[in-house]
There are 2 protein chains.
Amino acid sequence: MLTQAPRPTTEARRAVSPARGAPPASHGNSLTDTIDLMGAPISFGRNEEIYGEREPAEYLYKVISGTVRIYKILSAGRRQIQAFHVAGDIFGFECEHEHTFSAEAINEARILVVKRSAVMALAALDNDVARQLLALTARELQRVQGHAMLLVKTAQERVVSFLLEMAGRAPGDAVELPMSRQDIADYLGLTIETVSRTLTGLESAAAIALPSSRRVVLRNHRALSRLCS
Amino acid sequence: MLTQAPRPTTEARRAVSPARGAPPASHGNSLTDTIDLMGAPISFGRNEEIYGEREPAEYLYKVISGTVRIYKILSAGRRQIQAFHVAGDIFGFECEHEHTFSAEAINEARILVVKRSAVMALAALDNDVARQLLALTARELQRVQGHAMLLVKTAQERVVSFLLEMAGRAPGDAVELPMSRQDIADYLGLTIETVSRTLTGLESAAAIALPSSRRVVLRNHRALSRLCS
DNA sequence: CGGCGCCTTGAACCAAGTCAAGCTCTGTGG
DNA sequence: CCACAGAGCTTGACTTGGTTCAAGGCGCCG
């Protein structure tokens, strides 16, 4: 049909989306400040549940350290991971009063926990908080949209997109993966075998290096960007 | 492009709501009310573009009648549809200042268009509006999460889920599909052949009837619910 | 040193994609 | 009123990317 790509040039530079990285510069982020002040830090062990599907959604969470997976168990015991959250990320937004996903710590994690009702009450008074709540939800919406687009790509495109997403969270070309192959597979809607084979293939193609199974070095960004879609 | 610029119609004056698009009487929904009052109704023809990816996101939209598809073109010309919107739906939420998807009318459609800046300004004054904006965004987030979960299921599960989703929008067991097989395929991340074969299969299994290609009758909800995962 | 997660690799299989007809509407012009 | 053209949908035969099943390797910690 008639979809024009008005500026092919802008296409290239957009290759690695900035969407996920830095939230609009920190100055006076009253929501984050609020959570930092009001939140109670709690520690979770490896694979410990933070909340479960169907449980009442009473809190908002902010990761201090560690990594969290948000997931749902589909029929046939299949697990689909919807997001990984790392230090700085806020999660637990729900429009219903129940969680529609479960959350678990992938490794030792410290999480700030704050009552949703308290935040909502504050939002009703402070317009800044309300606006940031909306902004965060909209950003999360965009992230999930991106994830949905991932799930219709080929295995190689999914794995590469995942690597670039992870690389985008920390500077440098070396990426430390906090999650297992199974976690990656469940995030990408693939099997661990396919993830493993694809990574091996990328290494053979000299696009990445795999000094250890949890460590990936991006060696050829150009090639990777091309592969990721 | 230019030629496609939505042209405000003279019908703007007789905007007294057409029977069809009337949402469930908006008792106290200030956001919907706002859009109904402030919005300018615009008509779009079949396949006409409402907005395109990368364009500045200046407006919010509410469907009065007709159906809209929200989509993105991936590499290799593949089109992924992210949502179908029908009468009553509000769309065009963006956290960035540019649209990340394109929107097109699937068939003749009438859409209320309202400046985002106007709504945002109102939200800053009226807490009710702000809360509803957040609620709508959160609901949209939940919808997209559901769509992402769809995309990792089998072809049959996807098609059945789609039918149940469509059926859930209108009462009764007969579903009128406003979109083509290609649209359905692009929404479900399948090919038209697979969609067609799956529908035929469901008909053979007496789960549905297909009096015509755009009309589906759900005959066995029990079986369908089981199939959709 | 031995046991246990976790990861990789190989081979066989299958669900969905691709390619290629052919069918069924629907609107149009003779 | 029929012929006919074109778009949209279905069906069949074949191919393939990714899964499944099965085995083996690697690294870590007691």
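Convention: sequence-line order gives letters A, B, ...; per-chain numbering from 1. What you see below is based on every heavy atom in this structure, not just the backbone, and it leaves out hydrogens, waters and symmetry mates.
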Peer 1: Return yes if the base of dT18(C) and the side-chain atoms of R197(B) contain a donor-acceptor N/O pair under 3.5 Å, otherwise no.
Peer 2: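 Between dT18(C) and R197(B), which were checked side chain against base, a qualifying N/O pair under 3.5 Å is present.
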Peer 1: Between dA22(D), dG17(C), dC6(C), spot the one nearest the side chain of R214(A), thanks.
Peer 2: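 When the side chain of R214(A) is considered, dC6(C) is the closest of dA22(D), dG17(C), dC6(C).
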Peer 1: With nearest nucleotides of DNA chain D determined for A155(A) and L199(B) from heavy-atom distances, which residue corresponds to the more 5′ nucleotide?
Peer 2: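 Looking at the nearest nucleotide for each, L199(B) comes out on the 5' side.
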Peer 1: Assign the ring pair F91(B) / H85(B) to parallel, tilted or perpendicular, where the plane angle (0 to 90°) is split at 30° and 60°.
Peer 2: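 F91(B) vs H85(B) ring planes: parallel.
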Peer 1: Does D183(B) come within less than 4.0 Å of R69(B), counting only side-chain N to carboxylate O?
Peer 2: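 The answer is yes: the pair qualifies as a salt bridge.
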Peer 1: For the side chain of S196(B), counting heavy atoms from C-beta on, which of dT11(D), dA16(C), dT8(C) is nearest?
Peer 2: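 Out of dT11(D), dA16(C), dT8(C), the nucleotide with an atom closest to S196(B)'s side chain is dT11(D).
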Peer 1: What I want to find out is whether K115(A) reaches E58(A) closely enough, with some N-O distance under 4.0 Å, to be called a salt bridge.
Peer 2: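 Judged by the 4.0 Å cut-off on N to carboxylate O distance, K115(A) and E58(A) do form a salt bridge.
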Peer 1: Across nucleotides 23-30 of chain D, 5' to 3', mark each nucleotide with B, S or - according to how protein heavy atoms within less than 4.0 Å reach it.
Peer 2: --------
Peer 1: The side chain of S213(A) is closest to which nucleotide in this list: dC7(C), dC21(D), dG18(D)?
Peer 2: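 My answer, after comparing the listed nucleotides, is dC7(C).
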Peer 1: Centres of the Y71(A) and F101(A) rings: under 6.0 Å?
Peer 2: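 Distance test on ring centres: not under 6.0 Å, no.
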Peer 1: Consider the side chain of R46(A), meaning its heavy atoms from C-beta on, and name the nucleotide among dT9(C), dC6(C), dT10(D) that approaches it most closely.
Peer 2: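 Looking only at side-chain atoms, R46(A) lies closest to dC6(C).
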Peer 1: So what does S212(A) touch, heavy atoms closer than 4.0 Å: a base, only the sugar-phosphate, or nothing?
Peer 2: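 Nothing, no nucleic acid heavy atom in range.
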Peer 1: Kindly say if T200(B) contacts the phosphate of dT11(D), meaning a side-chain N or O under 4.0 Å from OP1 or OP2.
Peer 2: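 It does, given that an N or O in the side chain of T200(B) lies less than 4.0 Å from OP1 or OP2 of dT11(D).
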Peer 1: Within the supplied structure, the quantity of interest is the number of heavy atoms (other residues, nucleotides, ligands) at a distance under 6.0 Å from R169(B) CZ; does it exceed 12?
Peer 2: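 Atom CZ in R169(B) is crowded, with more than 12 foreign heavy atoms closer than 6.0 Å.
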Peer 1: Would you jot down, in residue-number order, the residues of residues 173-191 of chain A having a non-hydrogen atom under 4.0 Å from DNA chain D?
Peer 2: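 The stretch gives G189(A), L190(A), T191(A) as the residues lying under 4.0 Å from the strand, ordered by number.
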